2 protein chains.
Amino acid sequence: MKNVSKFSSLFKVLSDPNRLGLVFELCKCREANVGQLSQCCSIDFSVVSRHLSKLKGAGVLGANKKGKEVYYDLKREELARLLREFADEIESSSCCN
Amino acid sequence: MKNVSKFSSLFKVLSDPNRLGLVFELCKCREANVGQLSQCCSIDFSVVSRHLSKLKGAGVLGANKKGKEVYYDLKREELARLLREFADEIESSSCCN
DNA sequence: TTCATACTTGCATCTTAATGCAAGTGTATA
DNA sequence: TATACACTTGCATTAAGATGCAAGTATGAA
């Protein structure tokens with residue numbers, strides 16, 4: 001079942017509280033760099049950096065380099081679409097053939 | 001942010017491939033007991049039992065004891081509702097105030 | 001070219017969780 | 001009551017992942 005690994009890896013990347021906190025933060029900030037997120041979420045710089053790159057790797061965030069800084073932004077529509085796709089699949093009666 | 005822990009724990013329970021496989025299986029089977037799921041998913045009995053109880057604890061599954069057997073079923077609407085709630089929150093501009 | 005800033009990555013440590021066997025609990029049937 | 005069946009739980013092992021410091025890389029400014 002390829003949907004299993006597709007969705008389980010998405011859920012995994014969203015399952016860490018710090019990571020999900022960053023997602024919510026980016027949801028209201030529109031975009032932010034590593035230093036800003038590290039500060040407002042009170043998480044070590046290197047930890048934030050790794051979380052963001054993991055979220056980016058999963059397609060949840062986009063990244064935009066401006067000079068020395070990297071600005072991350074939430075890919076709202078993609079993320080929302082994936083979750084609704086899962087919800088639809090769950091609600092349709094025989095979802096995993 | 002209480003939504004962070006609410007959703008991160010939901011995502012965590014869905015993030016294990018075996019567990020998500022059981023969810024998909026229950027999605028098409030409507031309901032099944034531990035032995036049936038253990039067999040069709042090729043996972044050790046005790047492992048399946050623990051995964052199911054974790055999913056039940058998270059409100060993803062319901063359980064129904066019939067004699068010696070326990071039949072688990074997927075709470076489709078609740079699960080779909082939660083995920084759509086998350087999707088809506090993500091898409092609304094300032095979601096985490 | 002030197003320095004500071006912004007970020008990434010290597011590494012060691014520590015938690016958390018998954019796994020499977022074996023033992024325990026509960027329930028129906030002989 | 002004894003036995004079998006369905007499941008749960010304890011325990012030890014193993015693996016995966018989070019964390020933070022320190023060192024490395026990249027980019028802009030002096």
Side-chain angles (χ1 to χ4, degrees), chain A residues 1 4-26 29-74, chain B residues 1 4-26 29-74:
Chain A
M1 213 70 50
V4 169
S5 61
K6 169 185 166 185
F7 284 112
S8 68
S9 57
L10 173 65
F11 291 141
K12 179 154 305 201
V13 86
L14 295 175
S15 71
D16 181 84
N18 278 342
R19 223 146 43 209
L20 194 59
L22 292 167
V23 168
F24 277 120
E25 194 59 36
L26 282 168
C29 300
R30 289 280 165 186
E31 72 171 13
N33 62 36
V34 182
Q36 292 168 331
L37 290 167
S38 167
Q39 197 158 27
C40 76
C41 294
S42 305
I43 309 171
D44 184 89
F45 206 84
S46 70
V47 172
V48 170
S49 173
R50 251 184 286 249
H51 281 322
L52 293 175
S53 99
K54 197 164 278 191
L55 287 162
K56 186 193 166 204
V60 172
L61 302 185
N64 200 321
K65 190 155 194 172
K66 298 179 184 171
K68 292 184 283 192
E69 291 153 45
V70 181
Y71 283 86
Y72 287 92
D73 66 288
L74 180 58
Chain B
M1 213 72 48
V4 169
S5 62
K6 169 186 167 185
F7 284 112
S8 69
S9 58
L10 173 66
F11 291 140
K12 179 156 304 200
V13 86
L14 297 174
S15 70
D16 182 85
N18 279 343
R19 223 148 41 210
L20 194 59
L22 292 167
V23 167
F24 276 120
E25 195 58 39
L26 282 168
C29 300
R30 289 281 164 185
E31 72 169 14
N33 62 35
V34 182
Q36 293 169 330
L37 290 167
S38 167
Q39 198 157 28
C40 74
C41 294
S42 305
I43 309 170
D44 184 88
F45 205 84
S46 69
V47 171
V48 171
S49 173
R50 252 184 283 250
H51 280 321
L52 294 175
S53 99
K54 197 164 278 194
L55 286 162
K56 188 194 166 206
V60 172
L61 302 183
N64 201 321
K65 190 156 194 172
K66 297 178 184 172
K68 292 185 282 193
E69 291 152 45
V70 181
Y71 284 86
Y72 287 91
D73 65 288
L74 180 58

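Chain letters run A, B, ... following the sequence lines, proteins first and then strands; every chain starts at 1. Source: prediction; values computed, not measured.
- Across C/dA18, D/dT8, D/dA18, the shortest atom-to-atom separation from the side chain of B/Val70 is found for D/dT8.
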Exercise. Does the pair B/Val60 and B/Leu74 meet the rule for a side chain to side chain contact (heavy atoms under 4.5 Å, CB included), with working shown?
Worked result: CA-CA 6 Å; B/Val60 172; B/Leu74 180 58; 3.9 Å; yes
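- For A/Asp16 and D/dA16, the CG to P distance is 17 Å, given to the nearest whole Å.
- Separating the CG atom of B/Asn18 from the C1' atom of D/dA16 is a distance of 14 Å, rounded to the nearest angstrom.
- One can place CG of B/Asn64 at 17 Å from P of D/dA6, the figure rounded to the nearest angstrom.
- Looking at A/Asn18 and A/Cys41, their side chains never come closer than 4.5 Å, going by heavy atoms from C-beta outward.
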Under 3.5 Å, N/O pairs linking protein and nucleotides 21-28 of chain D:
{"residue": "D/dC21", "atom": "N4", "partner": "A/Ser46", "partner atom": "OG", "Å": "3.1"}

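- Judged by closest nucleotide on DNA chain D, B/Asn33 is the one of A/Ser15 and B/Asn33 placed further toward the 5' end.
- Taking atom NZ of A/Lys12 as the reference point, atom C1' of C/dT16 lies 11 Å away to the nearest angstrom.
- Taking atom NE2 of B/His51 as the reference point, atom P of D/dT8 lies 13 Å away to the nearest angstrom.
- When all heavy atoms are compared, the tightest approach of B/Arg30 to B/Asp73 is O-CB, 3.5 Å.
- Judged by distance alone, the side chain of B/Ser38 and the main-chain N or O of B/Val34 form no donor-acceptor pair under 3.5 Å.
- The distance between atom CG of B/Leu55 and atom C1' of C/dA18, rounded to the nearest whole Å, is 13 Å.
- One can place CG of B/Leu52 at 7 Å from P of D/dT8, the figure rounded to the nearest angstrom.
- Summarising the geometry of B/Ser8 relative to A/Asp16, their closest heavy-atom pair is CB-C, 4.4 Å, with the distance given to 0.1 Å.
- Between D/dC7 and B/Tyr72, no contact under 4.0 Å exists linking OP1 or OP2 to a side-chain N or O.
- One interatomic measurement links the two molecules: NZ of B/Lys54 to P of D/dT8, which rounds to 14 Å at whole-angstrom precision.
- Ring-plane geometry between B/Phe11 and A/Phe11 is classed as parallel, the angle between the planes falling under 30 degrees on a 0 to 90 degree scale with a further cut at 60.
- Of all nucleotides listed (D/dT19, C/dC7, D/dC7), C/dC7 comes nearest to the side chain of A/Phe45.
- Annotation: side chain of B/Tyr72 is in contact with side chain of B/Leu26 (closest heavy-atom distance under 4.5 Å).
- In the helix from C/dT1-D/dA30 to C/dA30-D/dT1, the rotation axis of the first five pairs and that of the last five pairs differ in direction by 10°, rounded to 10 degrees.
- B/Tyr71 comes within 4.0 angstrom of no nucleic acid atom, judged by non-hydrogen atoms across all strands.
- Every residue two or more places apart in sequence or in another chain that forms a side-chain contact (heavy atoms from CB on, under 4.5 Å) with B/Cys29 is listed here: B/Glu25.
- Residues B/Tyr71 and B/Gln36 have side chains in contact (heavy-atom distance under 4.5 Å, counting atoms from C-beta outward).
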